[in-house]
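The block underneath contains the structure these notes are about, expressed in structure tokens.
Every chain is numbered from 1, with letters handed out A, B, ... down the list of sequences.
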Protein chains: 2
Amino acid sequence: MLKQQDLKHQRPKRGKSEIRKDELIEATLECISSEGLQNATVRKVAEYAGVTNGLIRFHFGSKDQMIQIAYQRLLEEIFQSSLAVVTESQLLPRERLRRFLKANLSSPIVTAQTVILWANFLPLTYKDEEMARIRREAYTKTTALFEELIEAALVDEGKVGVDEYCSKQKCRHLAIKLNSLIDGLWLEGSTADNSPYKEELVVIGLDAASDLVGMNLRE
Amino acid sequence: MLKQQDLKHQRPKRGKSEIRKDELIEATLECISSEGLQNATVRKVAEYAGVTNGLIRFHFGSKDQMIQIAYQRLLEEIFQSSLAVVTESQLLPRERLRRFLKANLSSPIVTAQTVILWANFLPLTYKDEEMARIRREAYTKTTALFEELIEAALVDEGKVGVDEYCSKQKCRHLAIKLNSLIDGLWLEGSTADNSPYKEELVVIGLDAASDLVGMNLRE
DNA sequence: CATAAAATTATGCAAATGCATAATAAAATA
DNA sequence: TATTTTATTATGCATTTGCATAATTTTATG
């Protein structure tokens with residue numbers, strides 16, 4: 001009902017509409033990161049995309065939906081870029097966890113651009129239920145992955161037994177701790193623009209994570 | 001030149017103007033936390049304060065200044081409420097650190113209201129130089145206090161020598177770690193509204209901090 | 001090619017917004 | 001009390017903003 005997805009044998013190429021929509025989403029993110037959400041008006045975003053404002057209504061229906069979709073995209077991109085480093089299956093669990101942490105403490109996640117975008121959207125998640133949902137969904141995904149990586153590493157290193165309740169609890173707590181640590185460092189790292197400090201942040205983060213997990217993740 | 005501060009023998013009572021300005025600042029914060037920065041217009045804030053919009057221009061000059069002053073107030077209030085718990089001078093350094101951490105993980109700092117306000121202001125600190133300055137100033141104060149508390153605790157517990165370079169470095173790193181951890185937990189704690197989880201966050205936070213500092217801060 | 005559908009622009013409007021300026025009220029002062 | 005400052009309201013204006021609606025162009029389809 002939504003689209004003629006399965007009519008005929010469709011070319012693998014995305015339809016023109018999808019491409020344009022993609023451009024508009026990217027333009028939205030660029031506009032917000034450059035001008036701030038306050039100034040990211042429908043007209044400005046259209047200007048960033050090189051189209052006229054009416055087109056945004058055509059593709060998104062309303063400004064609110066435009067914002068929601070852009071937020072979703074941002075979170076998905078962040079998730080994907082940290083997921084990418086752990087998909088190589090031949091890695092040791094510990095190394096996988098280490099890479100995941102490192103990815104979350106380096107570019108492209110730790111960039112002023114990313115944090116600025118994140119910060120601009122955040123307030124909306126407290127007032128707009130849909131934005132809250134989008135946030136929760138991404139958070140759940142990230143946390144699940146985190147717990148998974150932690151548990152695998154702990155089991156592999158013989159630190160916990162498998163399937164015991166207190167082990168689950170331990171992993172859950174560790175996930176919260178590591179997640180918080182990373183978020184905090186990420187926030188801090190984005191403010192200071194001197195890159196030597198940013199590299200130091202990775203070291204500090206892995207060091208702290210090592211203490212928390214009780215496992216050498218510094219390598 | 002600014003005010004007739006030292007003319008005559010002035011009553012200790014604040015002038016009417018100061019009181020009204022205070023009301024307007026509080027109204028600004030209330031309005032932002034209820035409606036979001038986007039909708040915190042001059043007229044809305046005036047409505048929250050029960051005055052007409054012209055008065056805001058009279059007291060603040062412009063909307064931008066109104067926002068800046070409100071931000072300053074928020075950060076000051078946050079700082080003061082965590083400072084309050086460590087001023088009792090007869091406390092052991094370790095207990096003092098512990099209380100500071102706990103304060104930063106409980107009400108009134110960890111409330112949706114506080115985080116919402118903080119989140120609303122944050123994006124501005126990336127575009128407005130004055131807002132960035134206000135943020136840096138508060139951050140510097142907090143970090144300095146943090147390092148102070150950490151160093152005192154480490155020295156008292158005999159974990160480090162006094163005045164050595166690597167000790168300073170250690171304290172600095174620990175301050176960054178604890179600060180990040182707390183910020184992350186704070187952010188997370190504000191989203192979930194179930195209070196049992198919030199109490200758990202304090203436990204988790206103190207537990208993690210204990211691991212990081214290498215000292216029992218759980219009580 | 002013809003025609004229907006999709007994509008895009010053009011135009012306009014009503015509401016909101018920040019700010020200015022004048023008018024008025026309240027308070028201080030002499 | 002008279003007068004000057006200070007505080008507050010009233011009014012208005014130019015601009016911006018989101019959205020609607022119609023017109024136009026482009027693309028797909030029979």
Side-chain angles (χ1 to χ4, degrees), chain A residues 1-25 27-28 31-32 35-70 120 124 127-128 130, chain B residues 1-25 27-28 31-32 34-70 120 124 127-128:
Chain A
M1 201 60 173
L2 283 172
K3 289 280 171 182
Q4 65 286 30
Q5 207 74 23
D6 39 16
L7 300 177
K8 302 277 180 84
H9 34 83
Q10 210 175 5
R11 287 169 283 186
K13 194 168 65 174
R14 288 177 306 174
K16 191 182 180 188
S17 180
E18 300 271 321
I19 294 175
R20 178 47 58 90
K21 202 167 178 180
D22 239 51
E23 288 172 4
L24 294 181
I25 295 172
T28 306
C31 183
I32 293 174
E35 320 253 357
L37 188 56
Q38 320 274 339
N39 305 328
T41 67
V42 173
R43 282 170 176 80
K44 273 264 179 64
V45 170
E47 194 183 320
Y48 270 71
V51 297
T52 52
N53 45 22
L55 201 57
I56 283 177
R57 177 176 154 73
F58 179 76
H59 283 283
F60 295 115
S62 72
K63 184 191 177 183
D64 283 353
Q65 284 193 48
M66 175 187 85
I67 299 291
Q68 288 164 3
I69 293 176
N120 271 283
L124 302 182
K127 298 300 163 192
D128 183 331
E130 176 62 11
Chain B
M1 203 58 177
L2 285 169
K3 291 276 172 187
Q4 67 285 32
Q5 207 74 24
D6 39 16
L7 300 178
K8 300 278 182 80
H9 32 84
Q10 211 175 2
R11 287 169 285 188
K13 192 168 67 174
R14 285 179 307 173
K16 191 183 179 186
S17 179
E18 300 269 321
I19 294 176
R20 177 46 57 89
K21 202 167 178 179
D22 239 51
E23 289 172 4
L24 293 182
I25 295 173
T28 305
C31 182
I32 292 175
S34 299
E35 321 252 357
L37 188 56
Q38 321 272 341
N39 305 328
T41 67
V42 172
R43 282 170 175 81
K44 275 265 181 61
V45 170
E47 193 182 319
Y48 270 71
V51 298
T52 51
N53 44 21
L55 202 57
I56 283 176
R57 177 176 152 73
F58 178 77
H59 283 284
F60 295 115
S62 73
K63 184 191 177 184
D64 282 354
Q65 283 194 50
M66 175 187 84
I67 299 291
Q68 287 163 3
I69 294 176
N120 271 283
L124 302 182
K127 298 300 164 193
D128 183 332

request  = Would you give a per-nucleotide map of nucleotides 11-18 of chain C, 5' to 3', where B means the base has a protein non-hydrogen atom under 4.0 Å away, S means only the sugar-phosphate does, and - means neither?
outcome  = -B----BB
ask   = Can you tell which of A:Thr41, A:Val45, A:Leu37 makes a side-chain contact (heavy atoms from CB on, under 4.5 Å) with A:Cys31?
value = A:Val45
task = Rounded off to whole Å, could you give me the CD-to-C1' distance for the A:Gln65 and D:dG18 pair?
result = 14 Å
ask   = Please give, in whole Å, the distance from D:dA10 P to B:Leu55 CG?
value = 12 Å
ask   = What does the inter-axis angle of the helix from C:dC1-D:dG30 to C:dA30-D:dT1 come out as, five pairs per end, nearest 10 degrees?
value = 10°
query = Partners of A:Glu47 by side-chain contact (heavy atoms from CB on, under 4.5 Å), sequence neighbours excluded?
reply = none
Partners meeting salt bridge (charged side-chain N to carboxylate O under 4.0 Å, His left out) with B:Glu23 (sequence neighbours left out) = B:Arg20
query = Can you list the residues that meet the salt bridge (charged side-chain N to carboxylate O under 4.0 Å, His left out) rule with A:Lys21, with sequence neighbours excluded?
reply = none
Heteroatom pairs (N/O) under 3.5 angstrom, protein to nucleotides 23-27 of chain D:
none

key: side-chain hydrogen bond (donor to acceptor under 3.5 Å, both in side chains) partners of residues 52-66 of chain B, not counting sequence neighbours, each pair once   = none
inquiry  = Restricting to side chain to side chain donor-acceptor pair (under 3.5 Å), what partner residues turn up for A:Glu130, sequence neighbours left out?
reply    = A:Arg133
task = List in chain and number order the residues that pass side chain to side chain donor-acceptor pair (under 3.5 Å) with A:Gln38, two or more places apart in sequence or in another chain; answer none if no residue qualifies.
result = none
Atom pairs, N/O to N/O, protein against nucleotides 22-24 of chain C, distance under 3.5 Å?
none

